[in-house]
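Here is the structure we will look at, set down as structure tokens.
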Amino acid sequence: GALPAVAPPDEAAARAALAWLRAEPERLAARRQWAWELTFALRRMRGVATMHHGRWSRHAYDRYVLRLRALLWKRPLEDTVAALAAEGIPCAPAARAAPLFADERVAAALGAEDPRLQPARFPVTQRLAAEWIAIPVPEGGTQREIDDVVAALRKLEAASP
């Protein structure tokens, strides 16, 4: 069948949308620069693994995901997120609540007894879900914000049990 007719946007809405689209490369470049600088600032923290950046990486840079290596970072993820929030650093766990092999829809499609879905087959997946946090990348991020993130992580690392 034919698609229903859609009314064109008004002139003001079209101008606003075009202005936003034209400015997006500049905003992306600013978020990318902030993320690269945070990666550089975190480079010597043994318990932290940072984002990969490269010429061919195509991150959206809406959030910065880092890994707190469980072997070196002894604080639970929930405690880390709460402590960073107390330091004024907005963050959240980055991983899905449940790994894909535990998703009910996957189990329904493959059958709950499928040997490929047994948790023992995925020890790394289970461990990594508790090691990733995401920090929102600010639109106009400053060096001060980078310094605050690094200082908060160093403080938590030093106070780790």
Taking all heavy atoms of [X] and all of [Y], pick out the closest pair and write down the distance.
{"X": "A49", "Y": "R69", "value": "CB-NH2, 3.6 Å"}
{"X": "W34", "Y": "I146", "value": "NE1-CG1, 3.4 Å"}
{"X": "G88", "Y": "P90", "value": "O-CD, 3.4 Å"}

Are any non-hydrogen side-chain atoms of [X] and [Y] less than 4.5 angstrom apart?
{"X": "M51", "Y": "Y61", "result": "yes"}
{"X": "L66", "Y": "I133", "result": "yes"}
{"X": "R116", "Y": "L110", "result": "yes"}
{"X": "L117", "Y": "F122", "result": "no"}
{"X": "D148", "Y": "E87", "result": "no"}

Tell me, with the steps shown, if T50 and L38 meet side-chain contact (heavy atoms from CB on, under 4.5 Å). CA-CA 9 Å; T50 58; L38 181 57; over 6 Å; no
Test item: E145 side-chain N/O and T142 main-chain N/O as donor-acceptor pair under 3.5 Å: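 Yes, because the side chain of E145 sits within donor-acceptor range (under 3.5 Å) of the backbone of T142.
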R154 (side chain) donor-acceptor with A151 (main chain) under 3.5 angstrom: no
Does a side-chain N-to-carboxylate-O contact under 4.0 Å join E24 and R31? yes
Residue R43 excluded, over 12 heavy atoms near CZ under 6.0 Å: yes
Is the CD atom of E104 crowded by more than 12 outside heavy atoms at less than 6.0 Å? no
How many angstroms lie between CG in L153 and CD1 in I89, if you round to the nearest 0.5 Å? 7.5 Å
Kindly list each side-chain donor-acceptor pair under 3.5 angstrom involving residues 77-85, sequence neighbours excluded, with atom names and distances?
residue : atom : partner : partner atom : Å
T80     : OG1  : W73     : NE1          : 3.0
T80     : OG1  : P76     : O            : 3.1

Contact list for residues 3-18, test side chain to side chain donor-acceptor pair (under 3.5 Å), sequence neighbours left out: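 Listed once each, the pairs are E11-R15.
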What do the steps show when you test I135 against R63 for side-chain contact (heavy atoms from CB on, under 4.5 Å), and what is the final call? CA-CA 5 Å; I135 300 169; R63 61 190 195 143; over 6 Å; no
Between F40 and V149, is there a shared hydrophobic cluster once you connect ILVMFWY residues whose side-chain heavy atoms come closer than 4.5 Å?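 Cluster IDs for F40 and V149 differ.
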